[in-house]
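Note sheet for the following structure.
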Amino acid sequence: MSVSTRTGFFQRAYGIVRQIPAGRVATYGQIAAMLGEPRKARFVGFAMHSSPGVAGGVPCHRVVFKDGALAPGFAFGGPEAQRALLEDEGVGFLPDGRVDMHAFQWEA
DNA sequence: GATCTGACTCATG
DNA sequence: ACATGAGCCAGAT
């Protein structure tokens with residue numbers, strides 16, 4: 001039984017998020033789809049909450065809503081901090097305060 | 001081990 | 001355009 005066989009859905013989610021290059025963002029549903037389970041989009045978010053953090057190799061700040069919006073109130077210190085991190089990586093934001101998915105959504 | 005909950009998303013009112 | 005409901009299923013209590 002390899003680690004992947006474990007229930008560790010979270011662990012697999014981390015694996016996907018870890019592959020998101022800097023200056024790119026992915027949606028929860030997109031990551032879930034990469035796991036082969038597009039219905040578990042919620043758990044991808046949960047995994048981020050429980051994630052070891054950027055220092056742990058999980059740039060959860062690169063994971064956003066399908067709309068390009070950020071998690072309100074649950075992002076590390078607030079969506080503003082998340083936005084700051086993304087902008088620092090070169091991600092552009094729309095006047096609406098959302099990520100420009102049209103230009104920065106990550107494609108495997 | 002049943003119940004509740006939830007960083008989502010889609011459909012409907 | 002915004003609010004609410006429902007579906008999804010694994011983790012926490």
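Just so we're on the same page: letters track the sequence lines, and every chain starts at 1.
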Measure from [atom1] on [X] to [atom2] on [N] and round the result to the nearest Å.
{"X": "A:Phe9", "N": "C:dA12", "atom1": "CZ", "atom2": "P", "answer": "14 Å"}
{"X": "A:Met48", "N": "C:dA10", "atom1": "CE", "atom2": "C1'", "answer": "14 Å"}
{"X": "A:Phe65", "N": "B:dC10", "atom1": "CZ", "atom2": "C1'", "answer": "14 Å"}
{"X": "A:Lys40", "N": "B:dA7", "atom1": "NZ", "atom2": "P", "answer": "17 Å"}
{"X": "A:Tyr28", "N": "C:dA10", "atom1": "OH", "atom2": "C1'", "answer": "17 Å"}
{"X": "A:Ile16", "N": "B:dA7", "atom1": "CD1", "atom2": "C1'", "answer": "17 Å"}
{"X": "A:Asp67", "N": "C:dC2", "atom1": "CG", "atom2": "P", "answer": "11 Å"}
{"X": "A:Phe43", "N": "B:dT5", "atom1": "CZ", "atom2": "C1'", "answer": "9 Å"}

Check every atom of [options] against the side chain of [X] and return the nucleotide holding the closest atom.
{"X": "A:Cys60", "options": "B:dG6, B:dT9, B:dA7", "answer": "B:dA7"}
{"X": "A:Phe46", "options": "C:dC9, B:dA7, B:dG6", "answer": "B:dG6"}
{"X": "A:Ala41", "options": "B:dA7, C:dC9, B:dT9", "answer": "B:dT9"}
{"X": "A:Arg39", "options": "B:dC8, C:dG11, C:dC8", "answer": "C:dC8"}

Correct closest heavy-atom pair for A:Val17 and A:Cys60 would be CG1-N, 4.3 Å

Between A:Trp106 and A:Ala26, which heavy-atom pair has the shortest distance, and what is it? CE3-CB, 3.9 Å

When all nucleic acid strands are considered with a 4.0 Å heavy-atom cut-off, which category describes A:Ala47: base, sugar-phosphate, or nothing? nothing

Base, sugar-phosphate, or nothing for A:Ala71, non-hydrogen atoms under 4.0 angstrom? base

Is A:Tyr14 reaching over with its side chain to a backbone N or O of A:Ala47, donor-acceptor style, under 3.5 angstrom? yes

Base of C:dG11, side chain of A:Arg42 - is there a donor-acceptor contact under 3.5 Å? no

Pair A:Val64, A:Gln82 - check side-chain contact (heavy atoms from CB on, under 4.5 Å), show working. CA-CA 10 Å; A:Val64 298; A:Gln82 186 169 2; 4.1 Å; yes

Would one find a side-chain N or O of A:Lys66 under 4.0 angstrom from OP1 or OP2 of B:dC10? yes

A:Met48 vs A:Tyr28 side-chain heavy atoms within contact, under 4.5 Å: yes

